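Small disclaimer: the values here were computed from a predicted structure and weren't measured.
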Amino acid sequence: MRKLESIASLSVEERQAVESMPATVRLLDARQDIVRDKDQPAHCCLVLSGWTCRYKLLNQGKRQIFSFHVPGDLPDLQSLHLRVMDHSLATVTACRLAFIPHESMRELTIQFPGLGAALWRDTLVDAAIFREWMIGIGRKTAFGRIAHQFCEMYLKLEAVGLAAAHRCELPITQVDIGDALGLSNVHVNRVLMDMRSQGLITLRGRALVIEDWRALCAAGEFDPAYLHLEPGAS
């Protein structure tokens with residue numbers, strides 16, 4: 001509910017309809033596929049806890065991560081209308097996932113057009129995030145790419161109540177960051193060391209502390225407008 005209400009306003013009836021959706025809850029360990037490239041799923045996956053990612057493997061075994069997803073996200077919502085998956089979805093950490101039948105999702109959007117509009121808005125925000133990632137990979141420095149990603153991750157988590165005071169969980173590895181931003185592990189490590197030495201961030205285990213929000217935003221040329229968050233969501 002926090003995720004939907006971070007990008008759209010919902011009525012009491014719409015909230016109740018979402019909360020009563022039929023779903024099968026499953027627990028998955030880290031680094032497991034949820035749905036694979038070329039699969040034809042009959043359910044949408046809602047992340048209840050943990051982190052997931054969309055990715056594709058090339059013939060040489062190289063991986064490109066397209067996006068990271070946190071609690072509240074429906075990372076395979078497109079499977080509701082696209083019959084065959086053109087990429088894979090996997091857990092990054094241990095996850096608690098809810099699988100909602102496509103038919104139930106379709107009925108929900110028919111009975112509550114406002115919810116259908118909210119889900120469509122969520123898909124459009126996803127597309128806006130893809131555009132920002134493309135700009136980063138194509139035109140920004142490694143330092144700028146990572147700075148931008150950290151700012152984005154923090155605001156997404158803050159919007160659903162999972163981050164505050166510029167501190168958030170960061171369970172992804174340097175390899176994950178490299179696979180998402182087109183960087184080698186060595187390059188990612190070097191950038192993180194530079195960020196620490198400049199007093200921009202602190203990494204404590206699986207947590208990120210942004211020590212200088214304005215400077216990190218400036219380094220990544222980060223403008224949160226593309227996230228289209230509702231007032232008060234962050």
Side-chain angles (χ1 to χ4, degrees), residues 3 23-102 105 119 122-123 125-134 136-137 145-146 148-150 152-157 159-160 162-163 168-185 187-189 192 203 205-208 227:
K3 169 59 188 295
T24 301
V25 177
R26 294 173 54 197
L27 303 177
L28 270 67
D29 291 333
R31 310 292 168 178
Q32 289 192 355
D33 280 335
I34 301 167
V35 61
R36 295 186 177 91
D37 196 2
K38 302 299 188 294
D39 279 355
Q40 299 181 33
H43 300 77
C44 287
C45 169
L46 169 64
V47 183
L48 299 178
S49 66
W51 286 43
T52 66
C53 70
R54 294 179 182 142
Y55 76 94
K56 186 133 186 167
L57 285 179
L58 302 180
N59 291 336
Q60 304 92 335
K62 293 183 179 179
R63 180 182 63 159
Q64 178 64 51
I65 291 177
F66 301 123
S67 55
F68 293 108
H69 294 275
V70 299
D73 286 349
L74 282 160
D76 64 345
L77 182 60
Q78 71 278 1
S79 69
L80 187 60
H81 299 293
L82 300 177
R83 187 170 59 89
V84 180
M85 293 291 293
D86 56 28
H87 61 277
S88 298
L89 173 66
T91 59
V92 174
T93 67
C95 287
R96 184 168 172 260
L97 307 170
F99 293 88
I100 306 169
H102 283 169
M105 292 289 290
L119 293 173
D122 186 45
T123 302
V125 172
D126 250 359
I129 292 173
F130 276 124
R131 288 192 290 274
E132 286 293 320
W133 280 41
M134 182 179 292
I137 292 175
R145 294 179 215 178
I146 295 176
H148 190 280
Q149 186 177 71
F150 283 172
E152 177 183 293
M153 288 176 174
Y154 174 77
L155 282 191
K156 285 188 65 176
L157 289 165
V160 294
L162 296 177
C168 65
E169 181 185 20
L170 187 70
I172 57 176
T173 67
Q174 292 183 18
V175 172
D176 294 330
I177 294 172
D179 285 353
L181 302 179
L183 302 170
S184 69
N185 189 34
H187 206 160
V188 172
N189 183 264
L192 295 180
L203 295 172
R206 290 161 57 95
L208 167 69
L227 295 173

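Interatomic distance, CG of Leu27 versus CD of Gln32, reported as 10.5 Å (0.5 Å rounding). Put simply, CZ on Arg96 and CG on Leu46 are 9.5 Å apart, with the number rounded to the nearest 0.5 Å. Here the OG atom belonging to Ser88 is positioned 6.5 Å from the CG atom belonging to Leu57, to the nearest 0.5 angstrom.
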Take Tyr55 and Asp33, measure what side-chain hydrogen bond (donor to acceptor under 3.5 Å, both in side chains) needs, and give me the verdict at the end. CA-CA 10 Å; Tyr55 76 94; Asp33 280 335; 2.7 Å; yes

Kindly determine whether Asp176 and Arg63 satisfy salt bridge (charged side-chain N to carboxylate O under 4.0 Å, His left out), including the steps that lead there. CA-CA 9 Å; Asp176 294 330; Arg63 180 182 63 159; 2.9 Å; yes

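Annotation for Arg206 and Pro171: closest pair NH2-CB, 3.3 Å, computed over non-hydrogen atoms. Of all the heavy atoms in Pro75 and Cys45, the pair that sits closest is CD-O, 3.3 Å. The heavy-atom pair separating Thr52 from Leu89 by the smallest distance is OG1-CD1, 3.9 Å.
For Thr93 (side chain) and Trp51 (main-chain N/O), a donor-acceptor pair under 3.5 Å exists by modelled atom type. Although no hydrogens or angles enter the test, the distance criterion places no donor-acceptor pair under 3.5 Å between the side chain of Thr91 and the main chain of Ala94. Using a distance-only test at 3.5 Å, with no hydrogens or angles considered, no donor-acceptor pair links the side chain of Gln149 to the main chain of Ile177. With hydrogens and angles disregarded, no donor-acceptor distance shorter than 3.5 Å links the side chain of Arg54 to the backbone of Ser67.
The list of salt bridge (Lys or Arg N to Asp or Glu O under 4.0 Å) pairs with a residue in residues 69-88, not counting sequence neighbours, reads Lys3-Asp73, Asp73-Lys156.
Under 4.0 Å is where a charged nitrogen must lie from a carboxylate oxygen, and between Asp126 and Arg131 no such pair does.
Glu152 and Trp133 share a side-chain donor-acceptor pair at under 3.5 Å.
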